[in-house]
Amino acid sequence: MILNILSIVVSLGLLITFHEFGHYFVARRCGVKVLRFSVGFGKPIYRYVGKTGTEFTLAMIPLGGYVRMLDEREGDVPESLKNQTFNCKTVWQRIAIVAAGPVANFILAIAIYALVALLGVQSIAPKVGDVDQQSPASQTQIQSGDELISLAGDSVTSWDDVNLVLAGLIGKTGTIIVRYQSEGGGSLHEETIDLNRWLVGDEPNNLIRAFGFQPWQPTVIPIIAQVVDDGAGFTAGFEPGDEILSIDGQSVVSWQQVVASVQSSPNQALSMKVQRKQDVINLTLLPKYMERDGKVIGYAGLAVVPPVWDESLIRERRYGVFEALSYGVEQTHKMVSLTVSSIGKMLQGLISVDNLSGPITIAKVASASADSGVQSFLKFMAYLSVSLGVLNLLPIPMLDGGHLVFFGIEAIRRKPVSERVQGLAYRVGASLLFALMAVAIFNDIARL
């Protein structure tokens, strides 16, 4: 719980601050007086007044922020300050001020991805372990041990790359090309896969497995590394270092077999033969049960000794400063394209609104990313920054994109949109945003 809270506060706090600083910085460069720079909504818990008279506040609800500028439309302004009001600036200056927030998020994403590149990008080669025969991938001759080279025209060097390409294929109808190499650096092959509204109406938890690929993994010898206190394994008498030899008389050679047996046997006793140092002993495990994805499965509260990966499958690359910046730009462009494409597919009905996520899911992902290491957390932050930038550019009144639409119309017509029309549009936009937030929070609760 504490990690969840800290993760979401750090993530959203930094992204919101950077977004609002974009507005603030450009507004000050354009000569606009900024009255308040607030991170969060609600009652301020910290307040500081700068030399220029701007009030910097940190509020209790860290789910947004705002920059309040001097504006004649919001009240009387002394004659001496009218040249510092937002509304007196040219339409192009106002466009720059409003666009600066989302642009700041894109710049932050580039910087974070560049930092990841400087730290070194490590990934696992996309070597296939198995192919689901009831899947798009089954249309090819890909076998266990083959390594993917490109998918739908995009080169892939890791499973992260594969996942990103597949995310862009949701809802696709047509033919794609997959290139792969036979096991052991053998010959190259190229085949086609036909898709027909792939995953439309579905909500898969794993795109790679939904496409039919089971990533290759080394055999995990079933040697226990940790026993969770008060878990089923603890009750059965397991100790760190134990090696499971058999379950109900069936020989066991991999941890995957143990997992499959335990998950399929909630509240059912399993007889296990275990090697403990020089002795072979018999233990009876009664797996507890839990619900996952609508199914009841068993779990034992045991952790296995992690396997040793083949070094040839671990790809690591370190970048120089300029290469890192180029990598940051490239990755940010990919994430922007994917986000825009996903929004478009959602509007077309190709992606369900069930995929909308709110603060609860963001907190979970932030916490999981923090658990996975610094690089995972940084990548999550970068993608969240991209999402915040893109969403704020949507042409919805109340968002930056809505303001830009009005200013664009003003630039073309050479006169502003009437306040009555803007007021009506803002009310409609607010209703739409509240509805979207309600759906996102409902989805969050449904996933609990």
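All of these numbers come straight from a predicted model, not from anything done at the bench.
One N or O on the side chain of Gln275 and one on the backbone of Lys277 form a donor-acceptor pair closer than 3.5 Å. Not one N or O on the side chain of Ser341 forms a donor-acceptor pair closer than 3.5 Å with the backbone of Ser337. Thr140 contributes a side-chain N or O that, together with a main-chain N or O of Ala137, makes up a donor-acceptor pair within less than 3.5 Å. Side-chain N or O atoms of Thr235 include one that pairs as donor or acceptor with a backbone N or O of Gly231 at under 3.5 Å. A donor-acceptor pair is defined here as one N or O able to donate and one able to accept, closer than 3.5 Å; such a pair exists between the side chain of Gln257 and the backbone of Ser254. Asp132 places a side-chain N or O within 3.5 Å of a backbone atom of Gln134 that can act as its donor or acceptor partner. Between the side chain of Ser144 and the backbone N or O of Asp130 there is no donor-acceptor pair closer than 3.5 Å. Distance alone, capped at 3.5 Å, is enough to place a donor-acceptor pair between the Thr173 side chain and the Arg197 backbone.
The environment of CZ in Phe434 is sparse: at most 12 heavy-atom neighbours from other residues, nucleotides or ligands sit within 6.0 Å. Counting heavy-atom neighbours within 6.0 Å of Lys345 NZ, excluding the residue itself, gives a total above 12. The environment of Leu58 atom CG is dense: over 12 non-hydrogen atoms of other residues, nucleotides or ligands sit within 6.0 angstrom.
Taking Trp159 as the reference, nothing meets the ring pair (Phe, Tyr, Trp, His ring centres under 6.0 Å) condition, with sequence neighbours excluded. Scanning for side chain to side chain contact (heavy atoms under 4.5 Å, CB included) contacts around His189 gives Tyr180, Ser182, Ser187, with sequence neighbours left out. Among residues two or more places apart in sequence or in another chain, the ring pair (Phe, Tyr, Trp, His ring centres under 6.0 Å) test is passed with Tyr319 by Tyr327.
For the atom pair CG (Asp146) and CD (Gln141), the distance works out to 10.0 Å, reported to the nearest 0.5 Å. Within the model, atoms OG of Ser385 and CZ of Phe380 stand 11.0 Å from one another, a figure rounded to the nearest 0.5 Å. Going from atom OG of Ser265 over to atom CG of Leu270 covers 4.5 Å, rounded to the nearest 0.5 Å. Interatomic distance, CD1 of Ile208 versus CG of Leu166, reported as 6.5 Å (0.5 Å rounding). In this structure, CG on Asp242 lies 11.5 Å from CE on Met272, to the nearest 0.5 angstrom. Interatomic distance, CG of Asn105 versus CZ of Phe21, reported as 13.0 Å (0.5 Å rounding).
With ring centers used as reference points, Tyr383 lies 6.0 Å or more from Tyr113.
Ile176 places a side-chain heavy atom less than 4.5 Å from the side chain of Leu169. Looking at heavy atoms from C-beta onward, Arg179 lies in side-chain contact with Leu188 at the 4.5 angstrom threshold. Considering only heavy atoms from C-beta on, Val128 comes within 4.5 Å of Val131 through its side chain. Counting only heavy atoms from C-beta outward, the side chains of Gln422 and Phe406 approach each other to under 4.5 Å. Contact of the Ile177 side chain with the Ile193 side chain is not registered, since no non-hydrogen atoms from C-beta on lie closer than 4.5 Å. With a 4.5 Å cut-off on side-chain heavy atoms, Phe25 and Ile97 do not count as touching. Counting heavy atoms from C-beta outward, Pro126 and Glu147 have side chains that approach closer than 4.5 Å. Contact annotation: the side chain of Leu119 approaches that of Leu378 to within less than 4.5 Å [non-hydrogen atoms, C-beta and beyond].
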For Val274 and Val280, run side-chain contact (heavy atoms from CB on, under 4.5 Å): C-alpha distance rounded to whole Å, both residues' side-chain angles, the deciding distance at 0.1 Å, then the answer. CA-CA 6 Å; Val274 174; Val280 175; over 6 Å; no

Can you list the steps and then say if Gln122 with Ile314 is a side-chain contact (heavy atoms from CB on, under 4.5 Å)? CA-CA 7 Å; Gln122 189 178 79; Ile314 300 176; 3.8 Å; yes

Please assess Glu330 against Lys334 for the test salt bridge (Lys or Arg N to Asp or Glu O under 4.0 Å), listing each intermediate value before the final yes or no. CA-CA 6 Å; Glu330 180 184 358; Lys334 286 182 179 180; 3.7 Å; yes

Evaluate the criterion salt bridge (Lys or Arg N to Asp or Glu O under 4.0 Å) for residue pair Arg68 and Glu20; output intermediate values, then yes/no. CA-CA 10 Å; Arg68 183 185 173 197; Glu20 299 304 333; over 6 Å; no

Passes side-chain contact (heavy atoms from CB on, under 4.5 Å), Val98 versus Ile95? Steps please. CA-CA 5 Å; Val98 171; Ile95 286 175; over 6 Å; no

Test log, rule side-chain contact (heavy atoms from CB on, under 4.5 Å), inputs Leu433 and Leu399: CA-CA 9 Å; Leu433 288 177; Leu399 296 179; 4.0 Å; yes

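Residue pairs meeting the side-chain hydrogen bond (donor to acceptor under 3.5 Å, both in side chains) criterion with at least one member in residues 393-404, sequence neighbours excluded: His19-Asp400, His23-Asp400, His403-Tyr426.
Test Ile224, Ile223, Ile221 against Trp255 for side-chain contact (heavy atoms from CB on, under 4.5 Å) and you get one pass: Ile224. The side-chain contact (heavy atoms from CB on, under 4.5 Å) with Met381 is formed by just one residue from the set Ile112, Val116, Leu115, Leu12; it is Ile112.
In terms of heavy-atom proximity, Ala104 sits nearest to Gly22 at CB-CA, 4.0 Å. Listed here is the closest heavy atom pair of Pro136 and Trp198: CG-NE1, 3.7 Å. Closest non-hydrogen pair, Leu302 versus Gly233, comes out as CD2-CA, 3.8 Å. Annotation for Val405 and Pro395: closest pair CG2-CB, 3.7 Å, computed over non-hydrogen atoms. The minimum heavy-atom distance linking Leu286 with Ala269 is given by the pair CD1-N, 3.6 Å. Contact detail for Met335 and Leu164: the closest heavy-atom pair is CE-CD1, 3.1 Å.
Seen from the ring of Trp216, Lys127 counts as a face-on cation partner, given the 6.0 Å and 45° thresholds.
The aromatic rings of Tyr24 and Phe37 sit perpendicular, their planes meeting at an angle over 60°, well past the 30° parallel limit.
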What side-chain donor-acceptor pairs closer than 3.5 Å can you find for residues 243-251, not counting sequence neighbours?
from   : atom 1 : to     : atom 2 : distance (Å)
Asp248 : OD1    : Ser271 : N      : 2.9

Donor-acceptor pairs under 3.5 angstrom involving side-chain atoms of residues 148-156: please list them, not counting sequence neighbours.
none

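Asp194 and Thr175 are linked by a side-chain donor-acceptor pair at a separation below 3.5 angstrom, with hydrogens and angles left out of the test.
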